[in-house]
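Right, one structure below, let's go through it.
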There are 2 protein chains.
Amino acid sequence: MSSVPAFKRLPRAVREQQMLDAAVKVFSRRGFHAASMDEIAEDAGISKPMVYAYLGTKEELFVACLHREGTRMMQAIAGAAVPDLPADERLWRGLRAFFGFVGAHRDGWAVLYRQARGEQPFAGELASMRARLVEVVAGMLDHALRAEGREIAALDLEVVAYALVGATESLADWLADHPDADPEKTATRMMNVAWLGAAQLLHGVTWRPPAD
Amino acid sequence: MSSVPAFKRLPRAVREQQMLDAAVKVFSRRGFHAASMDEIAEDAGISKPMVYAYLGTKEELFVACLHREGTRMMQAIAGAAVPDLPADERLWRGLRAFFGFVGAHRDGWAVLYRQARGEQPFAGELASMRARLVEVVAGMLDHALRAEGREIAALDLEVVAYALVGATESLADWLADHPDADPEKTATRMMNVAWLGAAQLLHGVTWRPPAD
DNA sequence: GCGTAACCCTACGCACGAGTAGGTATGCTC
DNA sequence: GAGCATACCTACTCGTGCGTAGGGTTACGC
C-alpha cells in the first residue's frame with residue numbers, strides 16, 4: 001500500500017541548490033557560528049545527514065555558499081563589462097550591475113559582506129575576491145590616467161581604489177537594509193561620489209594637507 | 001611561611017581594564033562566538049569566575065568592549081573638532097583623529113567594525129554609532145552647502161555621507177591590516193577621495209546617467 | 001522482476017564551552 | 001588581632017549542536 005509520499009525525492013543537483021539557498025538564508029540572518037546545521041536542514045526541507053552527504057561539514061558548506069554567491073556576483077559585474085568605452089561609462093555599468101545584484105540577492109550579499117569578514121577561516125576567501133575588484137577599479141583609473149598622459153604611484157592608486165570599493169560596499173549595505181530602495185538610483189548616487197572625485201584626480205587636481 | 005604570592009591581588013578597577021583588554025584582543029581575533037571565556041580569562045591572567053563576577057555574561061562583556069572602544073573612538077574624534085573652521089579643514093581634522101585612533105587601537109577597531117557587524121544582538125549598538133558619524137558628516141555637508149546658497153534633498157545627502165563614511169571605514173580596515181602604514185598619510189589619501197568629490201557636489205556639479 | 005544505486009530518515013555519541021557552587025587567602029578597619 | 005569585605009581559585013553541571021551509525025524506501029537499468 002504505497003501511498004503517495006508526502007515529499008518527493010529529488011535529484012542531487014536540485015537538492016544541493018535548495019540546501020545552498022537555505023544555508024545562505026540562515027547564515028545571513030544568524031552568522032556562521034550562531035547558525036545551526038539543524039536549522040539549515042529544516043529550512044531546506046530535508047534532514048541533516050543529507051546536508052553532510054552532499055555539501056560536507058559546516059565549514060565546507062559555508063565555503064560553498066561563499067563560492068556560489070561570489071561567482072554569481074562576479075559574473076553579474078563581468079557580464080556588464082564593455083571594453084573600449086570611456087572610463088566613466090564603464091564605471092557606471094559596473095556599478096549598475098553590482099547594485100542590481102545586491103538588490104536581487106540581499107541575503108547572498110549579507111553572507112559575503114557581513115559574515116565572511118569577521119570569521120577567521122573565511123576572511124581570506126573574501127579578501128581575494130575583494131582584491132580582484134580593487135584591481136579592476138585601479139586598472140580603470142590607471143588606464144584613464146595614462147590616456148591623460150598622467151601617472152600616479154601604484155600604491156596611491158590602489159588605496160584610492162580601495163576607498164572607492166569600500167564606499168560602494170557601504171552603499172550596498174545600505175541598500176540591503178532598505179528593501180524599498182532602488183538599486184539604479186543608488187548606483188547613480190555612488191557615481192556622484194566616486195566619479196566626481198576621481199575625475200578631479202584624473203585632471204591632476206589633488207588635495208594637500210594645510211601647513212601646521 | 002607566607003612566601004610572596006606569584007601573582008598579586010589587584011583592585012577591581014585595574015583588573016576590569018585588564019579583562020577588557022584581553023577580551024578586545026580575543027574577540028577581535030576569533031569573533032564573538034568563536035571566542036571562549038576561558039581563553040579571555042587566561043589571557044587576562046585571571047580565572048574565569050572573576051570575569052563573570054566583574055563583567056557579567058559573555059554578551060555583557062562584549063557590550064562592555066563595544067562601549068569602551070566606541071566611546072574612546074568618539075572622544076578621539078570629538079577632541080579634534082573645532083567649529084568655525086572651513087568644512088574641508090574640519091573634515092581633515094576629523095579624519096586625522098579617526099585614522100590616528102585606528103592606528104593606535106587596531107584590535108578595538110577590529111571588534112567594532114568586523115565583529116559587531118555580523119552578530120545579530122550587537123548590530124544595533126554599532127549601527128547607532130555609525131549613524132551618529134553619518135549625521136555629523138551629513139551635517140557638515142549641509143552646512144557647507146547652505147553657505148554656498150545651495151540645497152540638496154536630505155536623503156541624497158545622507159546617502160552621500162554614508163558612502164563617505166563607508167570609504168573611510170574601508171581605508172581604516174586597510175590600515176588595520178597594514179601595521180607599517182602611516183595613519184596620517186592614509187588620512188591624506190582619504191581626503192583626496194572624499195573632498196575632491198564633495199567639493200564638486202558643493203559647487204553644484206553632478207553626474208547624470210547617460211541616455212539609454 | 002530483481003539487483004543495485006541513489007535518496008532519505010531517526011536516533012544517537014561526544015566534545016566544547018557557558019555559567020556556577022563552594023571554598024581559600026589576603027589585606028584593611030577599628 | 002578579630003572581624004569582614006574583597007580578591008581569587010578549583011572543579012564541577014549541563015545545554016547545545018556538530019557529525020555519524022545504521023537502516024529504510026523508491027526508481028531505474030537490464
Side-chain angles (χ1 to χ4, degrees), chain A residues 1-23 25-27 29-65 115 118-122, chain B residues 1-65 115 118-122:
Chain A
M1 107 158 197
S2 66
S3 68
V4 179
F7 294 92
K8 40 185 173 174
R9 294 154 73 93
L10 292 172
R12 176 168 185 152
V14 175
R15 272 278 130 88
E16 276 183 349
Q17 291 308 310
Q18 292 179 347
M19 290 176 188
L20 286 175
D21 290 341
K25 186 171 147 192
V26 174
F27 280 136
R29 274 164 190 41
R30 304 238 191 266
F32 175 74
H33 282 282
S36 84
M37 294 297 269
D38 290 274
E39 184 177 355
I40 291 171
E42 188 185 356
D43 198 286
I46 213 79
S47 77
K48 202 168 38 152
M50 288 306 299
V51 181
Y52 280 89
Y54 284 176
L55 279 325
T57 71
K58 194 181 183 184
E59 291 209 356
E60 289 167 344
L61 174 59
F62 191 81
V63 169
C65 290
Q115 310 301 341
E119 315 290 347
Q120 230 40 26
F122 317 115
Chain B
M1 121 160 189
S2 65
S3 68
V4 179
F7 293 93
K8 41 184 173 176
R9 294 155 71 93
L10 292 173
R12 174 167 187 155
V14 176
R15 272 277 132 86
E16 276 182 350
Q17 291 307 311
Q18 291 179 347
M19 290 175 188
L20 286 175
D21 290 342
V24 165
K25 187 171 147 193
V26 175
F27 279 137
S28 77
R29 274 163 190 40
R30 304 239 191 267
F32 176 73
H33 282 281
S36 83
M37 293 298 268
D38 289 275
E39 184 178 355
I40 291 171
E42 188 185 354
D43 198 285
I46 213 79
S47 77
K48 199 165 45 152
M50 289 305 301
V51 181
Y52 280 89
Y54 285 175
L55 277 326
T57 70
K58 193 181 184 185
E59 290 209 354
E60 288 166 346
L61 175 59
F62 191 80
V63 169
C65 291
Q115 309 302 340
E119 315 290 347
Q120 230 41 25
F122 317 114

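Numbers restart at 1 for each chain; the letters A, B, ... are given by sequence-line order, proteins then strands.
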Between protein and nucleic acid, restricted to nucleotides 16-19 of chain D and to nitrogen or oxygen atoms under 3.5 Å apart, what atom pairs and distances do you find?
from: D:dC18; atom 1: OP1; to: A:A35; atom 2: O; distance (Å): 3.2
from: D:dC18; atom 1: OP1; to: A:M37; atom 2: N; distance (Å): 3.4
from: D:dC18; atom 1: OP1; to: A:K58; atom 2: NZ; distance (Å): 3.2
from: D:dC18; atom 1: OP2; to: A:M37; atom 2: N; distance (Å): 2.9
from: D:dG19; atom 1: OP2; to: A:Y52; atom 2: OH; distance (Å): 3.2
from: D:dG19; atom 1: OP2; to: A:K58; atom 2: N; distance (Å): 3.0
from: D:dG19; atom 1: N7; to: A:K48; atom 2: NZ; distance (Å): 2.9
from: D:dG19; atom 1: O6; to: A:K48; atom 2: NZ; distance (Å): 2.6

Just how far, in rounded Å, is [atom2] of [N] from [atom1] of [X]?
{"X": "B:E42", "N": "D:dC8", "atom1": "CD", "atom2": "P", "result": "17 Å"}
{"X": "B:L10", "N": "C:dT26", "atom1": "CG", "atom2": "P", "result": "14 Å"}
{"X": "B:R15", "N": "D:dC8", "atom1": "CZ", "atom2": "C1'", "result": "9 Å"}
{"X": "A:E60", "N": "D:dT20", "atom1": "CD", "atom2": "P", "result": "10 Å"}
{"X": "B:L61", "N": "C:dG17", "atom1": "CG", "atom2": "P", "result": "16 Å"}
{"X": "B:I40", "N": "C:dG17", "atom1": "CD1", "atom2": "C1'", "result": "12 Å"}
{"X": "B:F62", "N": "C:dG17", "atom1": "CZ", "atom2": "P", "result": "17 Å"}
{"X": "B:L55", "N": "C:dT20", "atom1": "CG", "atom2": "P", "result": "14 Å"}

Which pairs of donor and acceptor atoms, one on a side chain in residues 19-29 of chain B, lie under 3.5 Å apart (sequence neighbours left out)?
from: B:D21; atom 1: OD1; to: B:R68; atom 2: NH1; distance (Å): 3.2
from: B:D21; atom 1: OD1; to: B:R68; atom 2: NH2; distance (Å): 2.8
from: B:K25; atom 1: NZ; to: B:D43; atom 2: OD2; distance (Å): 3.3
from: B:S28; atom 1: OG; to: B:V24; atom 2: O; distance (Å): 3.3
from: B:S28; atom 1: OG; to: B:K25; atom 2: O; distance (Å): 2.8
from: B:R29; atom 1: NH1; to: B:D107; atom 2: OD1; distance (Å): 3.3

Which residues share a side-chain hydrogen bond (donor to acceptor under 3.5 Å, both in side chains) with A:E42, sequence neighbours left out: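 For A:E42 there are no side-chain hydrogen bond (donor to acceptor under 3.5 Å, both in side chains) partners, ignoring immediate neighbours.
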Under the ring-ring contact (aromatic ring centres under 6.0 Å, His included) test, residues paired with A:F122 that sit two or more places apart: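 Only A:F32, A:F62 meet the ring-ring contact (aromatic ring centres under 6.0 Å, His included) criterion with A:F122.
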Residue met sooner reading DNA chain D from 5', once B:M50 and A:P49 are mapped to nucleotides: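 Its nearest nucleotide being more 5', the pick is B:M50.
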Interface polar pairs with nucleotides 3-6 of chain C, N/O, under 3.5 angstrom:
from: C:dA6; atom 1: N3; to: A:R9; atom 2: NH2; distance (Å): 3.2

Interatomic spacing from CD1 in A:I40 to CZ in A:R30 - rounded to 0.5 Å: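 A:I40 atom CD1 to A:R30 atom CZ measures 10.5 Å (nearest 0.5 Å).
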Value rounded to 0.5 Å, distance of CG in A:L10 from CD in A:Q17: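 Here the interatomic distance stands at 12.5 Å.
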Selection residues 44-65 of chain A - residue pairs positive for salt bridge (Lys or Arg N to Asp or Glu O under 4.0 Å), sequence neighbours left out: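 Listed by first then second residue: A:D38-A:K48.
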Which residues share a salt bridge (charged side-chain N to carboxylate O under 4.0 Å, His left out) with B:E119, sequence neighbours left out: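 Once residues adjacent in sequence are excluded, B:E119 has no partner under the salt bridge (charged side-chain N to carboxylate O under 4.0 Å, His left out) criterion.
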Criterion side-chain contact (heavy atoms from CB on, under 4.5 Å) on A:R12 and A:R15, from CA distance to verdict: CA-CA 5 Å; A:R12 176 168 185 152; A:R15 272 278 130 88; 5.8 Å; no
